[in-house]
Amino acid sequence: MPGWPEVLTGPVDEVASLLLGAVLRHSGVAVRLTEVEAYDGPDDPASHAYRGRTPRTEVMFGPPGRLYVYFSYGMHWCANVVTGPDDRASAVLLRAGEVVDGIEAARSRRGAVANDVRLARGPANLARCLGLDRTCNGLDLAGLLVLPDPPAFAVSTGPRVGVSHAVDVRWRFWCSGDPTVSTYRRSPRAVSP
DNA sequence: CTTTTGATCGTCT
DNA sequence: GACGATCAAAAGC
């Protein structure tokens with residue numbers, strides 16, 4: 001059984017499913033990941049790294065096990081775990097999770113939320129629960145991200161959300177039936193089949 | 001229930 | 001200067 005962070009160096013879609021059930025802890029809140037998406041840098045037109053190395057994507061080209069945080073739509077932060085060998089520039093977007101510790105802190109960061117299962121539903125909401133922002137870009141996750149014991153739950157796969165390319169690639173993974181997983185909505189920009 | 005729209009700015013062309 | 005790995009509220013049915 002490979003240790004940290006070697007376990008992250010396999011094919012990014014396999015690594016993504018391994019991250020389901022992992023617990024990420026930051027700023028007094030812990031979230032158990034229930035939904036993730038894989039992005040494979042060089043071969044994936046939907047990946048930020050597809051068009052090469054830029055200041056923003058620099059972290060993706062570095063070693064695995066670090067956090068890649070990007071700013072989205074002028075107001076949100078979203079977080080990825082960098083995977084693969086150095087220079088592969090693959091990453092797994094953290095789309096949803098269940099708050100398993102620090103729920104009061106998570107609630108206060110999110111403001112009024114009707115139901116706790118929605119606290120960390122959606123990548124920007126998950127990042128907000130954990131207090132992740134630009135200062136966390138490149139953060140070494142050793143000790144902060146605890147991988148699950150051999151997964152004892154069913155995994156579903158489907159198309160990725162929000163991307164306008166390669167919509168047919170089933171690189172979104174989630175814990176089957178988990179209430180914290182967002183209901184699927186195809187990108188408005190996705191090309192019609 | 002589904003669809004539309006406003007908020008808001010870093011990044012890349 | 002246009003666009004985007006989003007979200008929540010509003011509007012339409």
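Proteins get letters first, then strands, A, B, ... in listed order; numbering begins at 1 in each.
In this structure, of dC7(C), dC9(B), dA5(C), it is dA5(C) that holds the atom nearest to the side chain of Y70(A). For R51(A), the side-chain atoms get nearest to dT13(B) when compared with the rest of dT13(B), dG10(B), dT6(C). Minimum atom distance to the side chain of S47(A) is reached by dA5(C), of the listed dA5(C), dC12(B), dG4(C). Of the candidates dC12(B), dC7(C), dC9(B), dC7(C) carries the atom nearest the R95(A) side chain, counting heavy atoms from C-beta on. Of the candidate nucleotides dC7(C), dC9(B), dG4(C), dG4(C) has the atom lying nearest to any side-chain atom of Y73(A). Of the candidate nucleotides dC12(B), dC7(C), dA8(C), dC7(C) has the atom nearest to the side chain of H76(A). Among dA8(C), dA5(C), dG4(C), the nucleotide with an atom closest to any side-chain atom of R110(A) is dA8(C). For T54(A), counting side-chain heavy atoms from C-beta on, the closest listed nucleotide (dT6(C), dC12(B), dA5(C)) is dC12(B).
Here S72(A) does not reach the OP1 or OP2 of dG4(C): none of its side-chain N or O atoms lies under 4.0 Å away. Contact annotation: H48(A) reaches the phosphate of dA5(C) (side-chain N/O to OP1 or OP2, under 4.0 Å). Taking 4.0 angstrom as the limit, R128(A) places none of its side-chain polar atoms (N or O) nearer than this to OP1 or OP2 of dT6(C).
Nucleic acid contact for N80(A): base, since at least one base atom lies under 4.0 Å from a heavy atom of the residue. Nucleic acid contact class of A46(A) (heavy atoms, under 4.0 Å, all strands): base.
Map M75(A) and R134(A) each onto its nearest nucleotide of DNA chain B; the residue landing nearer the 5' end is M75(A).
Applying the Watson-Crick and G-U wobble criteria (two distances, each under 3.5 Å), dT2(B) pairs with dA11(C). Pair assignment for dC9(B) gives dG4(C), based on Watson-Crick or G-U wobble hydrogen-bonding distances that are each under 3.5 Å.
Aromatic pair W77(A)/F71(A): centroids less than 6.0 angstrom apart. Aromatic rings of H48(A) and Y39(A) (six-membered ring for Trp) have centroids beyond the 6.0 Å cut-off, not under it.
When the C1' atom of dA5(C) is taken as reference, atom OH of Y68(A) falls 9 Å away, rounded to whole Å. Put simply, CG on L126(A) is 10 Å from P on dC7(C), counting in whole angstrom units. Taking atom CZ on F71(A) and atom P on dA7(B), their separation rounds to 15 Å, with Å as the unit. In this structure, CZ of R121(A) is placed 15 Å from P of dT6(C), rounded to the nearest angstrom.
There is no side-chain donor-acceptor pair under 3.5 Å between H165(A) and Y50(A).
A salt bridge does not link D133(A) to R128(A): none of the charged side-chain nitrogens sits closer than 4.0 Å to a carboxylate oxygen. Salt-bridge check for D178(A) with R121(A): failed, with every basic side-chain N at 4.0 Å or more from each acidic carboxylate O.
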